[in-house]
Amino acid sequence: MEIKFVKADTLKAKPDPSTLGFGKIFSDYMFMMDWNKETGWHDARIVPFGYLSIHPASTVLHYGSAIFEGLKAYRRADGKVQLFRPMENIRRMNNSAERLCLPHIPEEDALEIYTKFVDCEKDWTPSQEGTSLYLRPFMFGNDESLGVHAVHNATFIIIASPVGSYYKEGINPVKIMIEDEDVRAVRGGTGYAKCGGNYAASNRAGERAEQKGYSQVLWLDGVERKYIEEVGAMNVMFKINGEIVTPKLTGSILPGITRKSCIEVLKIEGYNVSERLLSLEELTKAMADGTLEEAWGCGTAAVVSPIGELCYKDHKYTINNGEIGPVTQHLYDTLTGIQWGKTEDKFGWTYMIG
Ligand code: PLP
Ligand code: COI
């Protein structure tokens with residue numbers, strides 16, 4: 001695939017790695033390409049990072065035709081840069097595209113684009129412990145008319161941001177509020193797709209939780225409001241009486257790549273792992289009688305994040321004395337070990353850029 005390169009006049013200074021936070025600083029370049037129904041994808045280019053110019057009637061501004069992905073480039077101790085399971089992100093983006101009637105990108109083309117773009121920006125991958133270069137591929141419908149229909153024009157972009165930890169707590173336990181008013185998604189809707197609208201619908205509850213001192217909300221299913229689904233930006237797992245339980249993918253939950261990786265690691269090591277329905281009733285009972293041993297969230301941005309407190313209807317439950325538990329720590333160490341190339345990747349999950 002041919003990718004045009006437009007050189008920037010000046011390059012930015014790299015940031016101090018101790019002040020990164022999440023998604024506030026962006027690299028020198030971005031990848032872009034356009035699609036229309038007649039010619040398909042065209043004009044693949046790496047251009048200086050900058051503002052976009054879009055028509056005020058553009059579909060995305062009115063009807064929310066927008067999907068995105070999130071993956072990271074990691075700096076290994078030997079200085080090389082690698083991605084973690086990029087094909088999983090590519091496949092999920094195509095699934096999201098299918099749901100929103102946006103165009104697919106052939107898998108091999110997408111991998112080539114990721115590789116060339118990361119290779120171009122790899123100097124932006126920080127090397128300080130826990131830092132990485134977060135890649136945000138996204139696609140939006142870009143018709144210049146107000147009719148509501150599957151789009152005829154779309155744009156795909158990748159931007160890159162050197163990041164530290166997503167939560168200010170780092171790997172320390174976060175406090176999560178169980179949300180019982182708003183819902184994030186319903187089966188048949190767009191919950192399994194990584195689309196902007198899911199996040200827009202989440203903001204009100206997230207804001208309420210933040211005002212009460214919580215990092216994010218834990219969503220219940222949108223129909224019965226009875227079953228645990230996921231957290232705002234991560235999937236969720238619990239250890240209850242020896243069993244590792246994570247909500248099964250019913251269509252309203254994002255099929256997280258970190259979730260999938262945690263399940264694969266735990267199963268291979270002989271843990272008892274169930275992907276099943278977990279009711280709020282079962283969870284609150286386990287919290288009250290002490291059989292909830294550990295809880296954690298998992299996601300690309302959040303990595304593996306211990307949950308130290310859950311709050312439901314102003315009732316606060318402390319989990320594992322507000323400390324990180326052994327399974328959580330083990331998963332964190334295993335995944336980050338593979339991601340940063342510190343331990344052998346027996347699974348073949350890493351993809352070397354160079
Ligand atoms: N659930 C939601 C709503 C998310 O935004 C994310 C983050 O991407 C996840 C789960 C975890 O997915 P992954 O592990 O693929 O990053
Ligand atoms: C990610 O983990 O990559 C995410 O997309 C979470 C994000 C919404 C901040």
Side-chain angles (χ1 to χ4, degrees), residues 20-26 66-74 83-96 99 114 130 132-139 158-168 174 176 179 182-186 189-203 205-206 209-210 215-222 228-237 246-266 275 295-305 307 331-332 334-336 338-339 347 349:
L20 290 175
F22 183 83
K24 293 180 295 196
I25 298 161
F26 297 93
I67 59 173
F68 68 96
E69 270 305 325
L71 69 163
K72 286 172 171 172
Y74 304 86
L83 301 177
F84 183 72
R85 312 189 83 173
M87 225 39 180
E88 294 286 336
N89 291 91
I90 290 168
R91 290 191 185 120
R92 185 171 64 190
M93 191 170 72
N94 280 334
N95 287 339
S96 302
R99 179 63 184 83
Y114 283 25
S132 54
L133 184 65
Y134 184 78
L135 305 170
R136 173 53 65 87
F138 61 106
M139 189 194 294
I158 311 177
I159 52 176
S161 169
V163 297
S165 66
Y166 183 67
Y167 295 116
K168 65 175 182 344
V174 290
I176 303 284
E179 171 65 28
D182 289 358
V183 298
R184 173 185 176 275
V186 291
T190 56
Y192 70 90
K194 207 161 165 58
C195 66
N198 292 342
Y199 297 81
S202 305
N203 281 339
E210 246 177 63
S215 299
Q216 283 191 5
V217 302
L218 175 59
W219 297 106
L220 299 177
D221 76 275
I228 304 296
E229 297 238 304
E230 63 180 319
V231 179
M234 52 190 193
N235 294 110
V236 71
M237 297 188 170
T246 191
K248 72 172 183 180
L249 302 175
T250 51
S252 49
I253 297 175
L254 191 80
I257 294 153
T258 321
R259 171 189 182 279
K260 184 175 178 176
S261 307
C262 288
I263 293 171
E264 287 173 35
V265 165
L266 291 171
E275 294 178 66
W296 63 92
C298 51
T300 301
V303 196
V304 174
S305 199
I307 300 173
L331 282 171
Y332 180 86
T334 307
L335 291 191
T336 57
I338 295 172
Q339 288 164 337
F347 297 90
W349 285 340

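In listed order, ligands and their atoms are each counted from 1.
Side-chain contact between V303 and C298 is absent, with no heavy-atom pair separated by less than 4.5 Å. Counting heavy atoms from C-beta outward, K260 and P255 have side chains that stay 4.5 Å or more apart. No side-chain heavy atom of K72 sits under 4.5 Å from any side-chain heavy atom of L135. At least one side-chain heavy atom of V236 sits less than 4.5 Å from a side-chain heavy atom of L218. Contact check for T300 versus F84: no side-chain heavy atoms found under the 4.5 Å cut-off. Inter-residue side-chain proximity for N235 and I253 is flagged as met; some heavy-atom pair is nearer than 4.5 Å. For the pair K24/S161, no side-chain contact is recorded, criterion being any heavy-atom separation below 4.5 Å from C-beta on. Between I338 and W349 the shortest side-chain heavy-atom distance falls below 4.5 Å.
An N or O contact shorter than 3.5 Å links I257 to ligand 1 by distance. Between Y199 and ligand 1, a contact under 3.5 Å exists for at least one N or O pair.
Distances from atom 9 (C) of ligand 1 to the heavy atoms of V236, T300, L254, I253 put L254 nearest. Closest heavy-atom approach to atom 1 (N) of ligand 1 within the set Q216, R259, M234, E230: this belongs to E230.
Within the structure, ligand 1 has R184 among the residues with a heavy atom less than 4.0 angstrom away. Residue contact annotation: E88 has no non-hydrogen atom under 4.0 Å from ligand 1. Note on ligand 1: A233 sits in its first shell, one or more heavy atoms being nearer than 4.0 Å.
Using a 4.0 Å cut-off to heavy atoms of R92, the atoms of ligand 1 that qualify are 12 (O), 13 (P), 15 (O). Shown in contact with C298 at under 4.0 Å from a heavy atom are these atoms of ligand 1, numbered in order with element: 11 (C). Counting the atoms of ligand 1 from 1 in the order shown, those under 4.0 Å from a heavy atom of G256 are 12 (O), 13 (P), 14 (O), 15 (O). Listed by number with element, the atoms of ligand 1 under 4.0 Å from a non-hydrogen atom of G299 are 11 (C), 14 (O), 16 (O).
The residue P255 has no part lying near ligand 1, judged by heavy-atom distances below 4.0 Å.
Note on R259 versus E264: no salt bridge recorded, every NZ/NE/NH1/NH2 to OD/OE distance being 4.0 Å or above. Salt-bridge formation is not detected for the pair R136/E69: no Lys NZ or Arg NE/NH1/NH2 atom is positioned less than 4.0 Å from an Asp or Glu carboxylate oxygen.
Ligand 2 lies under 4.0 Å from heavy atoms of F22, F68, G70, Y134, R136, Y166, K194, Y199, A233, T300, A301.
Between the side chain of S96 and the backbone N or O of K194 there is at least one donor-acceptor pair closer than 3.5 Å. Not one N or O on the side chain of D221 forms a donor-acceptor pair closer than 3.5 Å with the backbone of E229.
Under the 3.5 Å distance criterion, with hydrogens and angles disregarded, no donor-acceptor pair is assigned to the side chains of S252 and R184.
Protein heavy atom closest to atom 8 (O) of ligand 1, with residue, atom name and distance, is K194 NZ, 2.7 Å. Looking from atom 14 (O) of ligand 1 to the surrounding protein, the closest heavy atom is T258 OG1, 2.5 Å. What sits closest to atom 3 (C) of ligand 1 on the protein, heavy atoms only, is G232 O, 3.2 Å.
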